[in-house]
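Inspection log for the structure reproduced underneath, given as structure tokens.
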Amino acid sequence: MTTRLVTSALPYANGSIHLGHMVEHVQTDVYVRYLRSIGDDVTWICAADAHGTPIEVNAGKAGVPPAQFAEAHRQEQHRTFQAFGIAHDTYYTTDSPENRAWAYRIYDALKARGLIHKRSVEQLYCEHDQRFLPDRFVKGTCPKCATPEQYGDVCEKCGTTYDPRELKDPACVLCMRPPVVRSSDHAYVNLRRPEVAAIIQGWVEAEGHLEPAVRQQVKGWLADLQDWCITRDAPYFGFPVNDADFPGKFLYVWLDAPIGYLSSGEHYFAAEAPPERRLTPEAYRARYLDEGAPARLEHVIGKDILRFHAVFWPAMLWAAGLKRPDRMVVHGHLTVNGEKMSKSRGTFINASTYLESGLDPELLRYFFAANLSAGPSDLDLSLEEFRNRINADLANNVANLASRVAALLQRATGPVGSAAPDPEVVSAVREALPLARRAYGELQLREVVRLVSQLASVCNRRVQESKPWENPTGPAEQAVLYAIAKALGALALMLQPILPRFAAALANAYGLPLPTWTEWLDPFDGQPVAVREKPPQIARLDQKQVEKLITSSAEAPKPAKVAKGASPAEGAGKATAKPAAEPPVFGVIQYEDFARVELRVGAVLSAARVEKADKLLQLSVDVGEPAPRTIVAGIAQAYPEPAALVGKRIVVVANLAPRPLRGITSQGMLLAAGEPPNLQLVTVGEAIAPGTRVK
RNA sequence: GGUGAGGUAGCUCAGUCGGCUAGAGCGGGGGUCUCAUAAUCCCCAGGUCGGGAGUUCGAUUCUCCCCCUCACCA
């Protein structure tokens, strides 16, 4: 048994949880549940990241104190996670007394090692708002390509990165007034000192800490280690620097955020843990944090914050006499329908939107798991793939297997056993369990899901081949059914970290307990099985259900917020990804975009001019519905004899929002090519019935 | 421009420490059973493994060059 402290990155307490956050927390939750299923002692620490300029500014806009603002978001975030079955042991905050003490402890340790020095920095300053302006708080014209309205760090048009002082016509985003250049003294950590660089490099290169691809990335950074600025000017929401050398300064949010892992753990063990798990802060440190502590420290993060975690963080821990992480799992970003999440396209999906759509949270957990590997590659939530994946894997394969076998077993009079369970099923189970166990340990969740499907397919095939419905009580048939019932127990065990509710219900339906997953676990224990209740069902998804995710996201625009990532002029790195550039209106669209347009064949029943309008015709069109539709179209100039249109088969946009034209509500739109008077309606032959979908 | 990661069937990906007819799932096409959620099961993809050159008896897998995508950085 291994004792572990696992963390996931701390969501910023500036907004709601979206599906991008969910990737990370699902991945971590699955990992933690797996570790517990093999008997490890795991504590999962998370918290809300409560400090920094954006929270200070947005709280000010909302008219509440920053602490209150962050706390409200923290609570909401915590509730959202719980609704997805994400079971952090604690979801604390970085704005805590414990974190303050830890931040000072680490600052003091850096100082005591002589790693902190003072440097004067020139930055843009807004005299009206009386604040230094982080990169994202300045907008101006790109010095290279002259695109207006660019932030202070990078031009979205030409990709050039620059110093905010280089911007032409810079303006403070808060008041739009031009800023001035002013200098300020800041604390920097010197990471180039040989003893520090050696620590970082040693940590990066050691086996097991990082995936090879990630390690390569980090090694590239090590060649050019920059000093790291760890203070910010007032006004700021954070901890004041506890050092007379830097009066009036605050600790940078990125210093105290990862420290939040340590302090939230301390709070958990001291105040939140069940009584038998309580630890004093001293005992907690000795067991989990100190150099040489027996427990493993493992972080799950997104690739956007890798630099902080893989370069700065080991140095900070070392300076304070604490152990470095034993493993850092780095995942990629979520895209939706192949693009970066975008609010204007409806692909910026909040976790709450998913919940409101009525979709089971476990389905999303499954989809993410089915597409996650241990590496940092991005993961795409294509609605089409989501639906196919759920329907094919869960509904048709696994859940249907449980359902059909339960029905067959219930035809027997009592519990079913077999001295010779179907050998093909038996060997499939014995093969799958250790492979799945290894895949979980390597965080190859995609592989786990593949193994589950493969095993369920073998079972379905054996049912098909042995036709137990013809003689349900025959020994050969029972050998198959019994073996599959046990296989379903194995499937429940394999799926339990991903689908905890479904797996528990499945095992329970067959009266099979979910055991601790030992390496030698063999489910064929000879115990007969009896179905206790109907196995859990998974309803097939249709397109409409899934599309709700995007349509309801599009209808709920969120007020613009200032994103975290506020770095001062020295370019310490960005905390969050840049906002996605909005795609052009006539860009390439995805199939789903096209599929949202419902084109149908319509038969023209009547056509007449609209009074007092020289361009409009009013048509009555049969699109295969009980009542014909009234459609008003601007085609009168092209069709001076409206009656000639009667009987034609035209193409209608059937799901366009109704719109009144000259007092008549038009219930659709016709497809036509050209400009009046040289315009023709798009028609199809009479062999195609009204109502036929055009695609 | 530098660094890193990629470019394999319509889609998502696996794989080859160089070698028999390059794989899986999904989607699509055809057939089948009826225990089960219109579920299952069977058959069907002829993909220049980004392009070019080299090493080799043999390269998709190694080397070099080039093109493209993504990320980070200057």
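Small disclaimer: the values here were computed from a predicted structure and weren't measured. Chain letters run A, B, ... following the sequence lines, proteins first, then strands; residues in each count from 1.
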*How would you label the contact of A:Ala223 with the nucleic acid (heavy atoms, under 4.0 Å): base, sugar-phosphate, or nothing?*
nothing
_What stems show up for RNA chain B when you take Watson-Crick pairs (N1-N3 plus N6-O4 or O6-N4) and G-U wobbles (N1-O2, O6-N3), both under 3.5 Å, and require three or more consecutive pairs?_
B:1-7 with B:67-73, B:10-13 with B:23-26, B:28-31 with B:41-44, B:50-54 with B:62-66
*Quickly work out the A:Arg215 CZ to B:rU3 C1' distance and round it to whole Å.*
17 Å
_How many whole angstroms separate atom CZ of A:Phe367 from atom P of B:rG25?_
18 Å
*asked:* Can you identify which nucleotide, out of B:rC72, B:rA36, B:rG27, has its nearest atom closest to the A:Trp221 side chain?
replied: B:rC72
*Provide, to the nearest angstrom, the distance between the CG atom belonging to A:Asp393 and the P atom belonging to B:rA39.*
14 Å
*Under 4.5 Å between any side-chain heavy atoms of A:Asn397 and A:Asn460, yes or no?*
yes
*Using modelled atom types only, decide if a donor and an acceptor are shared between the side chain of A:Tyr482 and the backbone of A:Ala420 within a distance under 3.5 Å.*
no
*So, is A:Arg540 close to the B:rA39 phosphate, meaning a side-chain N or O under 4.0 Å from OP1 or OP2?*
yes
_Nearest-angstrom distance from the residue atom CD1 of A:Ile305 to P of B:rC72_ = 13 Å
*Are any of the side-chain heavy atoms of A:Val204 and A:His209 separated by less than 4.5 Å?*
no
*Return yes if some donor-acceptor pair links the side-chain N/O of A:Tyr354 with the main-chain N/O of A:Asp360 below 3.5 Å, else return no.*
yes
*Could you check how far CD of A:Gln410 sits from C1' of B:rA36, rounded to whole Å?*
12 Å
*Short question: side chain of A:Ser453, backbone of A:Arg450 - any donor-acceptor pair under 3.5 Å?*
no
*What nucleic acid atoms does A:Ile538 come within less than 4.0 Å of, heavy atoms only: base, sugar-phosphate, or nothing?*
base
*With the side chain of A:Arg389 defined as its heavy atoms from C-beta on, choose the nearest nucleotide among B:rG25, B:rU37, B:rC35.*
B:rG25
Atom pairs under 3.5 Å, N or O on each side, protein against nucleotides 4-10 of chain B: can you list them with distances?
none

*asked:* Under a 4.0 Å threshold between the charged nitrogen and the carboxylate oxygen, would A:Glu465 count as salt-bridged to A:Arg462?
replied: yes
*May I ask you to say whether A:Asp163 pairs ionically with A:Arg165, meaning some side-chain N is under 4.0 Å from a carboxylate O?*
yes
*Answer yes or no: is there an ion pair linking A:Glu207 with A:Arg215, defined by an N-O contact shorter than 4.0 Å?*
yes
_Rounded to whole Å, how long is the line connecting atom CG of A:Leu381 with atom P of B:rU12?_
14 Å
Identify each atom pair where a protein N or O and an N or O of nucleotides 40-44 of chain B are less than 3.5 Å apart, giving names and distance.
unit_1, atom_1, unit_2, atom_2, d
B:rU40, O2', A:Arg404, NH1, 2.9
B:rU40, O2', A:Gln464, OE1, 3.1
B:rU40, O2, A:Gln464, OE1, 3.0
B:rU40, O2, A:Gln464, NE2, 2.8

*Choose from B:rC26, B:rA71, B:rC13 the nucleotide whose nearest atom is closest to any side-chain atom of A:Lys303.*
B:rA71
*Does A:Lys340 have a side-chain nitrogen or oxygen under 4.0 Å from the phosphate oxygens OP1 or OP2 of B:rA71?*
yes
*Let me know the distance between CG of A:Asp542 and P of B:rA38, rounded to the nearest Å.*
14 Å
*Roughly how many Å is it from CZ in A:Arg446 to P in B:rG25, rounded to a whole number?*
16 Å
*Assign each of A:Glu447 and A:Ala407 to its nearest nucleotide of RNA chain B by heavy atoms, then name whichever residue's nucleotide is nearer the 5' end.*
A:Glu447
*If we take the C1' atom in both B:rU61 and B:rA14, what is their distance in whole Å?*
14 Å
